[in-house]
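The structure appears right after this line, and notes come after that.
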Amino acid sequence: MTPTPVSDGLSDLIRARVRDVPGFPQEGVTFRDITPLLADGTAFSAVIGHLADVFSGAVDAVAGIEARGFLLAAPLASVLGCSLLTVRKAGKLPPPVLSADYQLEYGSASIEIPADALRPGARVAVLDDVLATGGTAAAACALLERAGATITGLGFLLELGELGGRDRLPGRELHTLVTY
Ligand SMILES: O=P(O)(O)OC[C@H]1O[C@H](OP(=O)(O)OP(=O)(O)O)[C@H](O)[C@@H]1O
Ligand SMILES: Nc1ncnc2[nH]cnc12
């Protein structure tokens with residue numbers, strides 16, 4: 001993949017458009033709300049353009065993690081002209097599925113993909129809005145690898161550094177646009 005530094009302008013724009021909400025969804029958590037960024041077409045296009053530069057020519061599929069990961073993965077797959085794969089919360093997909101359980105910063109959950117989602121060796125980029133504890137992304141990578149994927153790298157709009165998500169993803173190529 002192309003090493004693609006995030007420009008100061010893009011980094012500043014993202015920070016300006018992310019709203020911090022202390023105490024949501026529970027005491028002790030500061031929620032990073034990306035909806036103002038999504039509402040700014042210039043900022044959102046710049047984010048997708050940056051991710052396209054990072055993953056251009058390096059992937060066969062982009063996997064987005066439900067729900068907010070879809071918001072990045074779908075436009076990115078469209079720009080790259082590659083497959084879009086949706087990694088869904090449990091119970092949404094018809095069988096046969098592959099599943100993985102994981103812990104969140106505020107709860108636990110399961111994700112699923114269709115059992116025949118990928119051809120063996122497919123090069124996959126995993127996309128999500130936030131890297132927090134890394135549990136979701138680690139589970140998604142494990143699940144996709146069970147389905148035959150080669151994980152090219154992971155892309156995140158935001159990384160919450162103090163939650164140590166990187167440590168759950170050793171040896172993975174991580175691309176985060178802004179770190180808090
Ligand atoms: O690094 P982690 O600690 O695993 O947390 C990151 C995940 O948490 C959020 O999803 P959430 O499960 O809140 O779902 P949503 O996208 O449907 O809002 C976020 O969109 C990531 O998927
Ligand atoms: N603090 C946070 N803000 C937004 N999304 C999150 N996903 C996990 N932790 C989060």
Side-chain angles (χ1 to χ4, degrees), residues 6 11 13-40 43-44 47-48 50-51 54-55 59 61-77 84-93 97-114 117 124-147 149 151-180:
V6 182
S11 173
L13 185 56
I14 294 168
R15 286 179 190 279
R17 296 287 181 271
V18 171
R19 188 171 69 105
D20 295 350
V21 187
F24 182 86
Q26 64 188 44
E27 189 89 21
V29 173
T30 296
F31 189 80
R32 309 289 177 174
D33 176 19
I34 65 164
T35 55
L37 185 145
L38 299 172
D40 179 339
F44 188 39
V47 166
I48 299 304
H50 177 85
L51 291 167
V54 169
F55 291 110
V59 296
V62 175
I65 303 176
E66 187 170 357
R68 284 173 270 152
F70 294 173
L71 301 168
L72 299 174
L76 178 60
L84 171 66
L85 176 61
T86 55
V87 179
R88 303 232 41 194
K89 299 270 166 69
K92 302 285 186 183
L93 289 170
V97 295
L98 299 175
S99 322
D101 299 327
Y102 61 99
Q103 299 298 314
L104 281 168
E105 187 186 359
Y106 39 79
S108 66
S110 295
I111 45 172
E112 295 180 341
I113 54 171
V124 177
V126 178
L127 267 291
D128 209 345
D129 64 330
V130 174
L131 174 62
T133 66
T136 309
C141 288
L143 189 56
L144 291 162
E145 285 176 338
R146 269 166 56 206
I151 306 298
T152 308
L154 296 92
F156 301 95
L157 179 57
L158 310 180
E159 177 174 353
L160 310 183
E162 66 182 14
L163 296 175
R166 273 177 185 265
D167 299 340
R168 306 275 293 272
L169 298 162
R172 306 278 187 198
E173 198 163 323
L174 305 185
H175 299 269
T176 62
L177 277 72
V178 166
T179 300
Y180 285 82

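Atoms within a ligand are numbered from 1 in the order they appear, just like the ligands themselves. Residues take their numbers from the sequence shown, with the count starting at 1. Just the heavy atoms: all of them, side chains too, but no hydrogens, waters or symmetry mates, feed the values below.
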So if I count the atoms of ligand 2 from 1 in the order they appear, which ones are less than 4.0 Å from some heavy atom of Arg68?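 Those of ligand 2 that fall under 4.0 Å from Arg68 are 4 (C), 5 (N).
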For Ala132, atoms of ligand 2 separated by under 4.0 Å from a heavy atom: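 It comes down to these atoms of ligand 2: 8 (C), 9 (N).
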Are Asp101 and Ser110 linked by a side-chain donor-acceptor pair shorter than 3.5 Å?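 Per modelled atom types, Asp101 and Ser110 side chains form a pair under 3.5 Å.
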Which atoms of ligand 1 are found less than 4.0 Å from any heavy atom of [X]?
X	result
Gly135	1 (O), 4 (O)
Asp128	20 (O), 21 (C), 22 (O)
Val130	6 (C), 21 (C)
Glu66	16 (O), 17 (O)
Thr133	1 (O), 2 (P), 3 (O), 4 (O)

Any heavy atom of Arg168 closer to ligand 1 than 4.0 angstrom?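 Per 4.0 Å heavy-atom rule, Arg168 does not contact ligand 1.
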Report yes or no: does a heavy atom of Gly165 sit under 4.0 Å from some atom of ligand 1?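 No heavy atom of Gly165 comes that close to ligand 1.
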For ligand 2, which is the ligand I care about here, please tell me if Asp129 has any N or O atom under 3.5 Å from one of the ligand's N or O atoms.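 There is no such contact.
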With backbone taken as N, CA, C and O and side chain as the heavy atoms from C-beta onward, which portion of Thr136 lies under 4.0 Å from ligand 1: side chain, backbone, both, or neither?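 Under 4.0 Å from ligand 1, Thr136 contributes backbone and side-chain atoms.
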